[in-house]
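Comments concern the structure below.
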Amino acid sequence: MAPRVAIITGCSSGIGLSTAVMMANDPAKGYIVYATMRNLAKKGDLEKAAGATLNKTLFIIQLDVTKDDSIKRAVKDVFTKHKRIDILVNNAGHGSSGYIELVTDQQMRALFDTNFFGVVHLIQEVLPIMKKQRSGRIISVSSVAGITAWPFGEIYAASKFALEGFTESLSIGYRPFNIWVSSCQPGPVKTAFIANMGSANNQPEFLKLTEEKNIDKESKEVCGMIINRLVNSPTFEEEQQTPEEIASVIKGALEDEKPHLRYATSKLRLDYAKKYFVDPTGDTFCDTIVPHIIPDSLKQKK
């Protein structure tokens with residue numbers, strides 16, 4: 001069987017790096033992996049992890065998901081070489097947390113450009129190829145925040161909710177072409193982002209902005225208490241997964257005979273989803289999550 005050609009975004013570190021290396025190291029399944037990143041100056045960790053697969057079953061190319069010309073060039077180069085693209089893994093993304101009052105239009109658009117529109121534009125490029133092949137697998141790395149939002153992460157959650165809706169519609173509409181579209185929903189992952197969330201409200205730049213926007217003392221205290229309680233909770237600590245664990249779920253999804261629409265990677269995501277989807281009002285989820293996130297001292301008194 002001919003090797004399956006895969007494009008993976010956001011491979012300089014974390015989930016993207018682990019997924020690319022895991023797939024490239026599986027001769028039985030036979031993947032040719034194009035591991036992409038915005039800045040090739042950051043390819044050192046991937047080159048080291050790739051080992052003997054580098055430039056054999058794993059190739060590193062530049063791709064900035066926020067630039068249409070970069071997307072078109074990368075897809076064209078891969079297709080010209082192999083005359084097919086079998087797999088697209090949309091992993092590139094970034095997060096945010098803090099007061100919604102401090103988020104600028106530029107910051108919101110930048111986050112959506114990466115987390116949502118980058119995915120849309122890449123899929124627009126590969127779909128015509130997959131339709132002609134009558135085959136393809138697309139999986140986008142979403143988040144538990146794509147179905148259950150968290151306080152002070154409104155824009156990040158919005159981008160992932162948008163990604164989930166987009167994925168769900170595609171998943172239904174392109175099955176007649178034998179193109180399977182899925183999302184992967186990690187919970188907390190052992191990366192610097194989780195640690196940075198807890199300390200963001202103590203950074204000089206953040207404190208300066210709060211002064212400029214006249215964020216009152218009580219709001220600062222509430223935000224700090226909730227974010228710190230969230231990231232330092234025993235549940236978050238226990239449920240944090242390694243990038244390799246997430247990569248294993250992604251690879252498994254790509255190899256399923258009949259892929260699911262959504263892939264949970266953790267018990268945390270499964271537990272929340274069971275509460276979220278069973279109650280159309282959303283109250284069951286809210287009543288469950290509030291005790292874990294909102295300190296008793298901040299709860300509204302009756």
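Both backbone and side-chain heavy atoms feed into the values below; hydrogens, waters and symmetry mates do not.
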Would you say that [X] contacts [Y] through its side chain, given a criterion of any heavy-atom pair below 4.5 Å between the two side chains?
X      : Y      : result
Thr57  : Val33  : no
Ile246 : Cys184 : yes
Lys251 : Asp26  : yes
Thr167 : Val119 : no
Gln133 : Asp86  : yes
Lys43  : Met37  : yes
Thr19  : Asn91  : no

Test Ser142 against every option in Lys160, Gln185, Glu164 by the side chain to side chain donor-acceptor pair (under 3.5 Å) rule and name the one that passes.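 Testing each of Lys160, Gln185, Glu164 against Ser142, the sole residue satisfying side chain to side chain donor-acceptor pair (under 3.5 Å) is Glu164.
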Applying the side-chain contact (heavy atoms from CB on, under 4.5 Å) test to Gln107, which of Leu111, Asp105, Thr104 qualifies?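 Output: one option passes, namely Thr104.
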Leu88 and side-chain contact (heavy atoms from CB on, under 4.5 Å): which partner among Ile8, Ile139, Ile123, Val75?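 For Leu88, the side-chain contact (heavy atoms from CB on, under 4.5 Å) check succeeds only for Ile123.
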Please check if the number of heavy atoms outside [X] that lie under 6.0 Å from its [atom1] is greater than 12.
X      : atom1 : result
Lys67  : NZ    : no
Arg262 : CZ    : yes
Tyr174 : OH    : no

Determine, stepwise, if the pair Leu40 / Ile60 fulfils side chain to side chain contact (heavy atoms under 4.5 Å, CB included). CA-CA 8 Å; Leu40 289 179; Ile60 303 173; 3.8 Å; yes
Is there a side chain to side chain donor-acceptor pair (under 3.5 Å) between Asp256 and Tyr263? Walk through the geometry before answering. CA-CA 11 Å; Asp256 278 350; Tyr263 284 83; 2.6 Å; yes
Here's one to test your reading of the geometry: is the NZ or CZ of Lys81 within 45 degrees of the ring axis of Phe59 and under 6.0 Å from its centre?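 Yes, Lys81 lies over the aromatic ring of Phe59.
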Please work out whether the ring planes of Phe116 and Phe112 are parallel, tilted or perpendicular, with thresholds of 30° and 60°.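 Phe116 and Phe112: perpendicular rings.
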Minimum heavy-atom distance Thr9-Thr36, with the two atoms named: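 Shortest heavy-atom separation between Thr9 and Thr36 comes out as CA-OG1, 3.1 Å.
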Show the nearest heavy-atom pair for residues Gly136 and Met130, with the distance to one decimal.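 Heavy-atom minimum between the residues: CA-SD, 3.7 Å.
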